[in-house]
Amino acid sequence: MRGYGKECVFGPLFKLLEVTFELLVPLVVARIVDEGIAQGNTGEVLGLGALLVAFGAAGLASAVTAQYFAAKAAAGFAAAMRHDLFAHVQRLSFSDLDAIGASTIITRLTSDVNQIQTGVNLALRLVLRSPFVVFGAMIMAFVVDARAALVFAVTIPVLAVVVAVIMLISVPLYRGVQNRLDRITTLTRESLAGVRVIRAFRRERAEREAFEEATDSLTRAQLFVGRISALMNPLTYAIVNIGIAVLIWTGAVRVDAGLLTQGAVIALVNYFSQILVELVKMANLVITVTKALACNRRVKQILAVEPQPNTTAGTVSAPAAEKLPATERPFIEFDHVSLTYRGAQAPALEDICLTVRRGQTIGVIGGTGSGKSSLVNLIPRFYEASQGTLLVEGTPVGAWPLAELRTLTGMVPQRAMLFNGTIAENLRWGNASASSTDLKRALEVAQALDFVEKLPEGINAPIAQGGSNLSGGQRQRLTIARALVRRPRILVLDDSASALDYATDVRLRRALRELDPSMTVFIVSQRTASVRFADQIVVLEDGRMAGLGTHDELLAGCPVYQEIYASQFGQDALEKSQADSRAADPANTAAAGAALPATGRKGA
Amino acid sequence: MAQQQSTVRRLLGLLGAHRALIACSLICAAGSVVCTLYLPVLIGNATDLIVGAGNVGFVELYGILARMAAVALVTALLQWVMNLANNRIAYVLARDLRNRAFANLERLPLRTLDDRPSGDTVSRMVADVDQMTDGLLMAFTQFFTGVMTILGTLVLMFATNVPIAVAVVALTPLSFILARFIARRTFVMFRRQSETRGELTGLVNELVGGEKVVQAFGREDEGIAAFDEINARLQDTSLKAAFFSSLVNPSTRFINASVYAAVAVIGGLAVIGGSITVGGLTCMLNYANQYAKPFNEITGVVSELQNSLACAARIFELIDEKPEAPDAADARVLAEPQGAVALEHAAFSYVPSRPFIEDLNVRVEPGQRIALVGPTGCGKTTVINLLMRFYDVTGGSIAVDGTDIRSLTRTSLRAGWGMVLQDTWLKSGTVRENIAFGRPNATDEEVEAAAKAAFIHSFIMRLPQGYDTPVTENGENFSAGQRQLLCIARVMLARPPMLILDEATSSIDTRTELLVQQAFQRLMEGRTSFIVAHRLSTIQNADRILVMRDGRVIEQGTHDELLERGGFYTELYNAQFAQ
């Protein structure tokens, strides 16, 4: 609650003041009865009446002040918390983002913080009020008459126990209701996502029956917990009124003995009623505050995750390669790099060795889950290698300032993700100061200029949330253009051509080569056709390098590559093209050793 | 307004089914109101018996107090029964609405479903129904009792002492008016708050959802700046909303305190004048407290009810969405189709003004394999939708075994087709349930045979629980290839005479890929098959290739014939597969 200390003190303080004025009311009424009425003193009755109104006004003033402080503290606190959380998320590493998951971060940033805000607001207003009223009323009752007030001392704990027991039983039951509601969400989502399959297999009725079963189960659970929680108000009502009856009886005995006045009995009954009202409020407060506390824990969990440090390694002296002239120096070097994702059993990448020169095109191929994306994600340090070193321009990536390293790279991620705004605004993510000629050039290379120019607003056309007004292929081409706008030294196309038809894919690769011959390009793909012209192709299987070489070398000597090729073009095509390349360049057969170079280099 | 009225009328109509429960709820509410009003009278009577030292009517007092305890218990019981009745009405209504909405979902035309964002539908089914229930429940519990309490109190107060009653009646509406005044002001602020919240959620959704891209492009600070701008506005609006809305309680409390003071003064004077007793005054003071409360509650209920009506309207929209035209009355059942499929001048358009598929003519003999080839968006998927009658043609016709499919029952037509889509959908349930999806009464042996034929049996056997292994939503615990094999097994078990296969564009790992291709081959044996093809081998093995472009079949023939022709297919082939 830092920064809101004043509000947090004054809020409850003014609330106490309000309660004090309220607690004085029964005493005044008692005096009206005992002194004003009993002695027939009209002036006294009028004066005390005016006093009641004055107390009311003073109470109002205190309450308004208290509410203002509470609202200010709650709103300010929530805003600060949201800011902290959001800013924190910006600094989290990809591993942490994966571990936490975007959807839960979003929920915590929005609905959890809102819950906390409500909780803080209510707590500042009520947390002191209700107990203060309850105990204040009790103390006042003791002041009026200690013997009669014993009834309070018995009834209040009984009430507290009843409220607590009902809540203890019903809160877990409500969680059960929530789970059943989740089931309804799942079934609805599922039947929408699978509507074609469901209809193709004519299972509409079965789906409906399953759904009806789920709603039935929900209703049963709701009715069950409803039966228990519906006891709360009636039970407290009965207890308080029976308490009042006992109180009146006790009072009557005391009055009869001349120890108490009629007005005092009325005051006691009044205090009793006040307690009832507050207890019900308190039960609600407890629920809200428990919820807010749970939410607070969820937010704190994320804040507790350490952000990614800017650089991890100290300035490591660059290896001997630095002495070579820049053109000869390896641009990117994977030196026995392994990567094990946090919490994963097996490594995603194991012992990767790869040397890339400036301006080369590197193909990365392999099945789903073979580690292709992991490999390219290491370059901008989205993930840290768990073993080995990755050097960019001779410097370990850990020693690069993060922002600088990432400026070098233009990433085109697998999922074409665009943001709210115009096409131009999205492209300028790559480089805020890019001119419109730059943007146009990037669109042209990315094979996107055609369709962008056909849009009525052209480059200023708005992109709907998530880019839903564009086709998958169009979105993908825009993300490629976005990466090109920053004129990256390293361009990473992570399976980015998957939504493009082959002809466009070919034109794209040709244009990339023409754009900037010194740009190093990584093409991640599952199709041999997309990587076949690369200078080097890395073949991955289960995180290990199963081959490294050119298309022809791999076709000749890498079984995994052959298998992939055959699955896409058929066995005949494989044999034919193997024969072709042998015929064209007999030296290639000798290069069959290119397969599994990683094992070959292990000893080095 | 008119819409709101019709929503109210419909809700009342639905509630009509619960007439007995509603009557029970109303009777209990009336009973408990009478009891709660009677209690202050008893307290007043009791106070009157306690006059002073040595002047207490203990015998009478005992009777009154015993009656008080009994009345309190009866009130509690009535309230509880009323709550139970209300719960039942509201929750059962919610269940019925959900069931009806879901039943309608299962009957909606695919086009409607494709057009409608599924998140919105889910939120109507879940959140809106919940909101509506909460509102109704609150209305049932508080509205009627509130009105009854106000009326009852008025009657009793006038019966006890007219001047006091007049004072209360004159003053209390002030609190009501004040509450209304504040509520109207705060409504605007709350709306602004929820708008700003929506804005913030939108931004967070986008940026956190794309956090990796944000970081890849070093846009963290821009993101924080945009966030802070909205956050500051949110802080301001929520401060105002919270503050102004929290004024309602203190203000009404002040009015109530004034009413209370007025009753005390007027009552006090009346006691001195002898027109009522002290007990009568206590009773009036109690009423003054009780009388004001329902006004505030009713104000709350009215706004809650409005919200609840808005939610109900959204659910009704879902229920009223026009279902698929039912099968024609004389629709025939397609029994054991041979698999001859003919599309004649078939046309289809998503938007009437923009024809999409035009003049599509294809004749397929039983058992033929047809490969559909063409660039993205050329209409391959739409053809599948038309064959399955997910969509109906807007012109021309499609016939199976010489019968127009529109004169067949949808179920029998769809039973004739087996379908494996690229987007592999599995249901949450066990592996066995998923394979038996098309034939729930299949024996275990049949399920296993289908799994074997789809090359997935040995994999299933290696799973910890074998065929009883649970499949999570969307089958996320299986790899893409395994999901595809499960989908093939699902069709294998159903043994349909005709097939629609949609090859995956992105390949799965190579080994599974080969298994999938073999499984496809086995599946297609002797069956008329339409394949949206991406693999060269599939295309080469097809009896006929339909080359599609912009919704038309522009070339037809075998692989070799088409290559010879040197048209669009050759161009595609060269770009895609040529060396």
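Quantities reported herein were computed from a predicted structural model and do not represent experimental measurements. Lettering follows sequence order; numbering is per chain, from 1.
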query: Any donor-acceptor pair under 3.5 Å linking the side chain of A:R199 with the backbone of B:E106?
result: yes

- line: Cut-off 4.5 Å, heavy atoms of chain B, and the answer for A:N41 is backbone

message: Counting only non-hydrogen atoms closer than 4.5 Å, does A:V33 touch chain B with its backbone (N, CA, C, O), its side chain (CB onward), both, or neither?
response: side chain

query: What part of B:Y62 is in contact with chain A, defined as an atom under 4.5 angstrom from a non-hydrogen atom: side chain, backbone, both or neither?
result: both

Proximity breakdown for A:R208 and chain B, heavy-atom pairs closer than 4.5 Å: both

task: Using non-hydrogen atoms and a 4.5 Å limit, figure out which bit of B:I224 sits close to chain A: side chain, backbone, both or neither.
output: both

message: Looking at chain A, which one of B:V122, B:T237, B:I500 has the largest number of heavy-atom pairs inside 4.5 Å, strictly under?
response: B:V122

- prompt: Heavy-atom distance under 4.5 Å to chain A: side chain of B:A261, backbone, both or neither?
  reply: both

- line: Okay, B:F390 and chain A: the region with an atom under 4.5 Å from a heavy atom over there is side chain

statement: If one checks every heavy atom of A:A57 against chain B at 4.5 Å, the contacting part turns out to be both

message: Show, in sequence, the C-alpha distance, side-chain angles and deciding distance for A:R196 and B:N385, and conclude whether the side chain to side chain donor-acceptor pair (under 3.5 Å) test is met.
response: CA-CA 9 Å; A:R196 282 182 165 72; B:N385 282 332; 3.0 Å; yes

message: Is the shortest side-chain heavy-atom distance between B:I43 and A:I248 below 4.5 Å?
response: yes

message: Quick check on B:T411 against chain A: is it the side chain, the backbone, both or neither that has a heavy atom closer than 4.5 Å?
response: both

task: Keeping the roles fixed (side chain from A:W429, backbone from B:V214), state whether a donor-acceptor pair exists under 3.5 Å.
output: no

- prompt: Are side-chain heavy atoms of B:V71 and A:N241 found at a separation under 4.5 Å?
  reply: no

- request: Would you mind checking which part of A:P380 comes under 4.5 Å of any heavy atom in chain B, side chain (CB onward), backbone (N, CA, C, O), both or neither?
  value: neither

query: Where does A:L192 contact chain B at under 4.5 Å (heavy atoms): side chain, backbone, both or neither?
result: side chain

- prompt: Does a side-chain heavy-atom distance below 4.5 Å link B:L105 with A:E204?
  reply: no

- request: Please state whether the side chain, the backbone, both or neither of A:I198 comes within less than 4.5 Å of a heavy atom of chain B.
  value: both

- request: Go through the atoms of B:A216 and report whether side chain, backbone, both or neither lie under 4.5 Å from a heavy atom of chain A.
  value: both

Whether B:F227 and A:F86 hold their rings parallel, tilted or perpendicular, with breakpoints at 30° and 60°: parallel

Within-4.5 Å side-chain heavy-atom neighbours: A:E190 and B:W425: yes

query: Given that the side chain runs from C-beta out, which part of B:D228 has a heavy atom under 4.5 Å from chain A: side chain, backbone, both or neither?
result: side chain

- prompt: Within 45° of the axis and under 6.0 Å from the centre of the six-membered ring of A:F211, does NZ or CZ of B:R98 qualify?
  reply: no

- request: In sequence, state the C-alpha distance, the side-chain angles, and the governing distance for A:Q262 and B:T47, and then conclude on side chain to side chain donor-acceptor pair (under 3.5 Å).
  value: CA-CA 7 Å; A:Q262 191 184 25; B:T47 338; over 6 Å; no

message: Looking at B:R88, I'd like to know if its CZ atom is crowded, meaning that more than 12 non-hydrogen atoms belonging to other residues, nucleotides or ligands lie closer than 6.0 Å.
response: no

message: Counting only non-hydrogen atoms closer than 4.5 Å, does A:V29 touch chain B with its backbone (N, CA, C, O), its side chain (CB onward), both, or neither?
response: side chain

- prompt: Which atoms of B:L207 come close to chain A, meaning under 4.5 Å heavy atom to heavy atom: side chain ones, backbone ones, both, or neither?
  reply: both

query: Which residue out of A:L48, A:D216, A:N121, A:I32 racks up the most heavy-atom pairs below 4.5 Å with chain B?
result: A:D216

- request: Verify, without hydrogens or angle tests, whether B:N231 (side chain) and A:A79 (backbone) share a donor-acceptor contact under 3.5 angstrom.
  value: yes

task: Without swapping roles, check the side chain of B:Q215 against the backbone of A:L92 for a donor-acceptor pair under 3.5 Å.
output: yes

message: Is B:Q235 close to chain A through its backbone or its side chain, or both, or neither, when contacts mean heavy atoms under 4.5 Å?
response: both

message: At a 4.5 Å cut-off on heavy atoms, which part of A:Q117 comes close to chain B: side chain, backbone, both, or neither?
response: side chain

Portion of A:V197 that has a non-hydrogen atom of chain B nearer than 4.5 angstrom: both

message: Is A:V64 close to chain B through its backbone or its side chain, or both, or neither, when contacts mean heavy atoms under 4.5 Å?
response: both

statement: Those residues at least two apart in sequence (or on a different chain) that pass side-chain hydrogen bond (donor to acceptor under 3.5 Å, both in side chains) with A:T219 are none

query: Under a 4.5 Å heavy-atom cut-off, does chain B meet the side chain of A:V28, its backbone, both or neither?
result: neither

message: Please classify the contact between B:D236 and chain A as side chain, backbone, both or neither, with a heavy-atom cut-off of under 4.5 Å.
response: neither

field: chain A contact via B:R107 - side chain, backbone, both or neither, heavy atoms under 4.5 Å
entry: backbone

query: Relative to chain B, which segment of A:L97 carries a heavy atom at a distance below 4.5 Å: side chain, backbone, both, or neither?
result: side chain

query: Taking atom OH of A:Y68 as the centre, does the number of heavy atoms from other residues, nucleotides or ligands within less than 6.0 Å exceed 12?
result: no

query: Is it the backbone or the side chain of B:T36 that comes under 4.5 Å from a heavy atom of chain A, or both, or neither?
result: both

- request: Taking the side chain as every heavy atom from C-beta outward, state whether B:R253 and A:E22 have any atom pair closer than 4.5 Å.
  value: yes

query: Is the side chain of A:Q67 donor-acceptor paired with the backbone N or O of B:S246 at a distance under 3.5 Å, no angle test?
result: yes

- line: Whatever's closer than 4.5 Å to a heavy atom in chain B on A:I239 counts as neither

query: Distance-only, no hydrogens or angles: does the A:D256 side chain make a donor-acceptor pair with backbone N or O of B:G54 under 3.5 Å?
result: yes

- prompt: Under a 4.5 Å heavy-atom cut-off, does chain A meet the side chain of B:L39, its backbone, both or neither?
  reply: side chain

